Novice: 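Mind looking over this structure? Questions follow.
This is a predicted model, so every value here is computed, not measured. As the structure lists them, so they are numbered: ligands from 1, and atoms in each ligand from 1. These numbers come from the heavy atoms of this one structure, side chains and all, not from hydrogens, waters or symmetry mates.
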Amino acid sequence: MRASVEQRLASELEQFRRDGVYKRLNYLDSPQGPRVQMEGRGEVIILSSNNYLGLANAPDVVKAGHEGLDRFGAGTASVRFICGTFTIHKELEAELATLVGAEASLTYVSCWTANEAVCPTLLGPDDVVISDQLNHASIIDSIRLARQIVKCQGAVYRHSDMADLEEKLKAAKGARTRLIFTDGIFSMEGDVARLADIVDLARKYDAIVAVDDSHATGVLGKTGRGTPEYAGVLGEVDIITSTLGKALGGAAGGFVASSAALCDSLVQRSRPQLFSNALPPTVTMSSLAAVRHLRAHPELVERLRANTKYFRDQLKARGFKPLEGDTPIIPVILGETSKAIQMSDLLLNEGVFVTGFGYPVVPKGEARVRCQISAAHTRDDLDQALAAFDKVGSRLNLV
Ligand code: PLP
């Protein structure tokens with residue numbers, strides 16, 4: 001690397017450290033789970049993973065991954081339409097479509113690429129995409145790409161503000177297609193999109209709705225079918241994108257679920273499908289096992305809900321002020337970024353891994369530690385974490 005580039009990078013990294021936004025990687029030497037072995041620290045309770053159902057190391061999920069490797073080898077060794085695709089891809093895509101209440105689905109190597117596929121493929125210069133202000137970065141980048149490549153129009157509505165969304169829909173009256181794009185659960189706030197209202201508005205203004213349900217698949221709704229089930233609009237959302245890297249096994253991968261025609265169009269034209277490899281068989285089969293595990297064990301979703309309620313209630317009883325909500329994302333607002341980082345570091349010293357987030361990831365003055373609960377946490381795990389919150393909270397004069 002040229003010295004001038006090295007110097008530039010070194011000074012940028014130094015600035016990250018000075019600003020308190022430098023991210024340190026913590027290495028785990030065991031499978032993901034409620035308790036892990038962290039290099040240099042020993043056993044640590046994880047309150048920061050998206051392993052919502054605890055399936056990342058479930059025996060049937062791991063076994064299915066092995067079977068995938070034995071039966072199909074490491075991977076397709078090219079793009080699906082060029083070199084062939086595995087029968088298990090078809091099987092997984094059928095299961096995913098059924099799970100989220102759609103006609104068809106198409107997998108990608110991540111939900112990031114699934115999102116990135118949607119807008120540039122579906123939209124053109126006569127179309128408008130209307131996006132919630134707090135949407136995930138992958139939706140924002142999908143829209144940026146579409147605006148750049150296919151020259152569609154874009155608008156942003158204030159977070160979950162239905163009056164503002166309606167204004168934006170009215171303003172887009174002349175467009176060929178109006179696409180409303182929202183997260184199901186918003187990852188930094190842990191709140192849920194007002195999906196029933198959004199679907200109503202879409203009907204009123206002849207728009208279509210896309211929901212990124214990455215944090216909600218396997219989590220929301222009575223049987224974990226996501227935000228549409230929670231909001232009573234299962235089967236009424238035009239496009240659902242989601243990840244296989246959170247509740248559904250936690251490996252990697254994502255998908256778009258929609259009509260057969262839309263999924264076929266993505267096969268034909270979406271660039272992350274046309275120019276990138278398929279999901280590896282290990283991931284395909286472990287995800288398939290995770291979907292089937294969820295269907296066979298809806299009580300996991302209930303346990304996740306009960307764990308979440310317990311943890312939120314106990315935090316409040318101890319004087320913390322977690323944001324209210326129905327989801328296993330529980331942000332505890334601390335104010336200054338330095339406070340969130342300090343709290344996260346002190347909690348880790350107490351054997352509890354909770355990530356701190358500050359500006360610019362969240363607004364100034366709203367820095368937070370974000371707790372994420374899993375169905376796999378035992379009462380003992382949660383109580384030990386709460387004891388650590390007590391100790392660190394009083395040390396920082398928070399409670
Ligand atoms: N969408 C949302 C809402 C997410 O939270 C994430 C992951 O953080 C993604 C998309 C990206 O998912 P993946 O890890 O499968 O690329």
Novice: For ligand 1, find out whether one of its N or O atoms is nearer than 3.5 Å to an N or O atom of Gly254.
Specialist: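 No; every N/O pair is 3.5 Å or more apart.
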Novice: Return the residue, atom name and 0.1 Å-rounded distance of the protein heavy atom closest to atom 5 (O) of ligand 1.
Specialist: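 Closest protein heavy atom to atom 5 (O) of ligand 1: His215 NE2, 2.9 Å.
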Novice: Taking Leu262 as the fixed residue, which of Ile239, Ile208, Thr121, Val118 is the one that meets the side-chain contact (heavy atoms from CB on, under 4.5 Å) rule?
Specialist: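 Answer after filtering Ile239, Ile208, Thr121, Val118: Ile239.
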Novice: Is the closest N or O pair between Ser187 and ligand 1 shorter than 3.5 Å?
Specialist: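 There is no such contact.
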Novice: Check whether the side chains of Gln268 and Asp264 place a donor and an acceptor atom closer than 3.5 Å, and report yes or no.
Specialist: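 Gln268 vs Asp264: donor-acceptor pair found between side chains.
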Novice: Aromatic rings Phe86 and Phe72: how do their planes relate, parallel, tilted or perpendicular, breaks at 30° and 60°?
Specialist: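 Because their plane-to-plane angle lies in the 30° to 60° range, the rings of Phe86 and Phe72 count as tilted.
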Novice: To which protein heavy atom is atom 13 (P) of ligand 1 closest, and what is the distance rounded to 0.1 Å?
Specialist: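 Of every protein heavy atom, Cys111 N, 3.5 Å lies nearest to atom 13 (P) of ligand 1.
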Novice: In the protein, which heavy atom is nearest to atom 11 (C) of ligand 1, and how far is it?
Specialist: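 Heavy-atom neighbour on the protein nearest atom 11 (C) of ligand 1: Trp112 N, 3.8 Å.
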Novice: Among protein heavy atoms, which lies nearest atom 1 (N) of ligand 1, and at what distance?
Specialist: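 It is Asp212 OD2, 2.5 Å.
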Novice: Looking at Asp60 and Lys63, is any side-chain nitrogen of the basic one under 4.0 Å from a carboxylate oxygen of the acidic one?
Specialist: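 No salt bridge links Lys63 with Asp60.
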Novice: What atoms of ligand 1 come closer than 4.0 angstrom to any heavy atom of Gly253?
Specialist: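 Those atoms are 15 (O).
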Novice: Do any N/O atoms on Asp183 end up under 3.5 angstrom from N/O atoms on ligand 1?
Specialist: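 Asp183 vs ligand 1: no N/O contact under 3.5 Å.
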Novice: Measuring from atom 9 (C) of ligand 1, which candidate in Glu116, Lys246, His136 has the nearest non-hydrogen atom?
Specialist: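 Checking each option, the heavy atom nearest atom 9 (C) of ligand 1 is found in His136.
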Novice: For the residue pair Glu93 and Thr107, confirm or rule out a side-chain donor-acceptor distance under 3.5 Å.
Specialist: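 Yes, side-chain donor-acceptor contact under 3.5 Å.
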Novice: Salt bridge check, Lys168 against Asp161: does any charged N sit closer than 4.0 Å to a carboxylate O?
Specialist: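 So Asp161 does not pair with Lys168 through a salt bridge.
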Novice: Less than 4.0 angstrom from a charged side-chain N to a carboxylate O is my criterion; do Lys204 and Asp200 meet it?
Specialist: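 So Lys204 does not pair with Asp200 through a salt bridge.
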Novice: Test of understanding: given a 4.0 Å heavy-atom threshold, classify the contact between Ser110 and ligand 1 as side chain, backbone, both, or neither.
Specialist: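 Contact part for Ser110 vs ligand 1: both backbone and side chain.
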Novice: For Ser138, which part has a heavy atom under 4.0 Å from ligand 1: side chain, backbone, both, or neither?
Specialist: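 For Ser138, only side-chain atoms sit under 4.0 Å from ligand 1.
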Novice: For the side chain of Arg178 and the backbone of Ala172, is there at least one donor-acceptor N/O pair under 3.5 Å apart?
Specialist: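 Here the side-chain-to-backbone pair exists.
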Novice: Which residue holds the protein heavy atom closest to atom 14 (O) of ligand 1, what is that atom called, and what is the gap in Å?
Specialist: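 For this ligand atom, the closest protein heavy atom is Thr243 OG1, 4.1 Å.
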Novice: Determine, using heavy atoms of Ser242 and all atoms of ligand 1, whether some pair is separated by less than 4.0 Å.
Specialist: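 The answer is no, since Ser242 has no heavy atom less than 4.0 Å from ligand 1.
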Novice: Provide the number and element of each atom of ligand 1 under 4.0 Å from a heavy atom of Ser214.
Specialist: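 Checking each atom against Ser214, I get 1 (N), 2 (C), 3 (C), 4 (C), 10 (C).
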Novice: Do we see a donor-acceptor contact under 3.5 Å between the side chains of Arg318 and Gln314?
Specialist: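 Note: Arg318 and Gln314 side chains meet the donor-acceptor criterion.
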